[in-house]
Amino acid sequence: MTGLRWGILATGGIAHMFTRDLRTAGLDVAAVGSRSLDSARAFADTFDIARVHGSYQELVDDPEVDIIYVASPHGLHAEHTRQVLEAGKHALVEKSFTLDAAQAADLRELAASREVFLMEAMWTRYLPHMIRIRELVSSGAIGEIRAVWADHTQALSTDPAHRLNAPELGGGALLTWGSTRSPSSGTSSASPSRYRRSGVSRRSAPTPRWPP
């Protein structure tokens with residue numbers, strides 16, 4: 001993708017980390033878009049981005065952008081990724097990809113119909129050691145895999161107003177971090193096992209399937 005011009009949708013912490021990596025790799029970051037023009041300008045100043053937009057729609061309509069990294073809260077990924085795809089642009093979507101399988105399938109079909117690239121930003125799948133692990137498992141070199149234990153523990157904010165405690169924004173353990181364990185064990189389905197008073201899950205238990 002070295003010849004593509006990147007646009008950054010949203011300006012939160014994960015967008016800063018990703019854009020820093022794009023710059024480190026020498027890739028072309030052409031534009032940034034935010035719901036707040038001031039936020040977009042501050043982000044652009046940090047990363048020396050020439051084109052600044054005060055709305056997501058302006059960003060996806062920018063003719064100087066080829067591919068957009070969707071970094072908004074994942075409860076809004078389906079809506080914002082649809083905007084990108086409908087504008088005929090490629091999309092790399094921060095995890096979690098969507099809130100459910102129906103939203104993911106809808107975006108996949110839309111991307112296929114527009115003949116554009118669409119992928120979840122699950123970078124761990126492409127790390128050298130992960131590729132080697134899949135080779136060893138597939139070849140049978142380490143024998144039959146009977147069980148895999150993958151744990152991801154992270155403190156959830158106790159602030160009731162925080163997005164991680166908002167069910168409508170995909171808060172909680174399952175929808176926020178449930179996808180992070182999947183690359184190590186093929187594909188998986190998961191269900192929440194404990195809830196907070198806000199209704200979001202405190203824990204989730206994925207069931208892996210191999211091969212994917």
Side-chain angles (χ1 to χ4, degrees), residues 1-12 14-15 17-19 21-22 25 27-35 51 53 55-127 130-131 133-135 137-138 168-170 174-191 204 206-212:
M1 295 183 182
T2 55
L4 296 177
R5 299 165 297 180
W6 285 84
I8 308 299
L9 188 152
T11 54
I14 194 69
M17 289 188 285
F18 182 77
T19 305
D21 287 345
L22 290 180
L27 302 184
D28 184 3
V29 184
V32 59
S34 173
R35 294 172 298 176
R51 304 174 71 83
H53 301 290
S55 76
Y56 298 148
Q57 193 61 51
E58 288 180 12
L59 174 66
V60 303
D61 290 338
D62 189 333
E64 299 298 316
V65 171
D66 302 307
I67 181 168
I68 292 178
Y69 170 63
V70 178
S72 54
H74 56 277
L76 302 172
H77 282 177
E79 173 189 346
H80 295 155
T81 304
R82 172 168 281 278
Q83 284 182 264
V84 174
L85 301 177
E86 288 180 341
K89 290 180 168 58
H90 308 296
L92 182 65
V93 185
E94 184 52 53
K95 54 191 182 298
S96 301
F97 188 64
T98 57
L99 293 182
D100 55 43
Q103 289 182 348
D106 177 64
L107 294 179
R108 179 187 60 195
E109 293 172 6
L110 178 58
S113 69
R114 298 300 174 97
E115 298 184 333
V116 292
F117 175 84
L118 171 67
M119 190 177 82
E120 182 181 37
M122 187 61 74
W123 55 274
T124 47
R125 283 188 180 274
Y126 304 98
L127 293 174
M130 296 300 296
I131 295 173
I133 287 172
R134 288 196 293 272
E135 291 173 349
V137 171
S138 298
E168 68 276 11
L169 293 179
L174 175 61
L175 295 180
T176 302
W177 293 293
S179 64
T180 60
R181 289 163 292 183
S182 298
S184 61
S185 55
T187 58
S188 67
S189 58
S191 59
S204 66
T207 303
R209 297 187 298 274
W210 186 270

note = Here the gap from H80 atom NE2 to Q57 atom CD, rounded to the nearest 0.5 Å, amounts to 10.0 Å

ask   = Yes or no on side chain to side chain contact (heavy atoms under 4.5 Å, CB included) for T19 and V32, after CA distance, side-chain angles and deciding distance?
value = CA-CA 10 Å; T19 305; V32 59; over 6 Å; no

request  = Using modelled atom types only, decide if a donor and an acceptor are shared between the side chain of R114 and the backbone of E86 within a distance under 3.5 Å.
outcome  = yes

ask   = Is there side-chain contact between R5 and D66, with at least one heavy-atom pair below 4.5 Å?
value = yes

remark   = Interatomic distance, OG@S34 vs CD@E58, rounded to 0.5 Å, equals 11.0 Å

key: Nearest atoms (heavy-atom pairs only) where A30 meets E64   = CB-O, 3.7 Å

key: Heavy-atom closest pair, residues F97 and E120   = N-OE2, 3.0 Å

ask   = Which atom pair, heavy atoms only, marks the closest approach of G75 to L99?
value = CA-CD2, 3.9 Å

message = Are V93 and V84 packed together at the side-chain level, in the sense that at least one heavy-atom pair is separated by less than 4.5 angstrom?
response = no

task = Report the distance from atom CG of L9 to atom OG of S55, rounding to the nearest 0.5 Å.
result = 9.5 Å

inquiry  = Tell me whether the rings of Y69 and F18 are parallel (<30°), tilted (30 to 60°) or perpendicular (>60°).
reply    = parallel

ask   = CD1/I67 to CG/L4 distance, rounded to the nearest 0.5 angstrom?
value = 5.5 Å

query = To the nearest 0.5 Å, how far apart are CG in L107 and OG1 in T81?
reply = 5.5 Å

ask   = Under a 4.0 Å N-O cut-off, is there an ion pair linking D106 with R82?
value = yes

ask   = Can you tell me if CD on E135 sees more than 12 non-hydrogen neighbours from other groups inside 6.0 Å?
value = yes

ask   = Does the side chain of W123 reach to within under 4.5 Å of the side chain of L92, using non-hydrogen atoms?
value = no

query = So which heavy atom on E94 is nearest to which on H77, and how close?
reply = O-CE1, 2.7 Å

note = From the list R51, K89, H53, side chain to side chain contact (heavy atoms under 4.5 Å, CB included) partner of L59 resolves to H53

note = Closest heavy-atom pair, W6 versus V65, reported as atoms and distance to 0.1 Å, is C-CG1, 4.3 Å

request  = First locate atom CD of Q83, then atom CG of L76, and finally report the distance between them rounded to the nearest 0.5 Å.
outcome  = 10.0 Å

ask   = If you look at every heavy atom in A15 and A71, which pair is closest and at what distance?
value = CB-CB, 3.8 Å

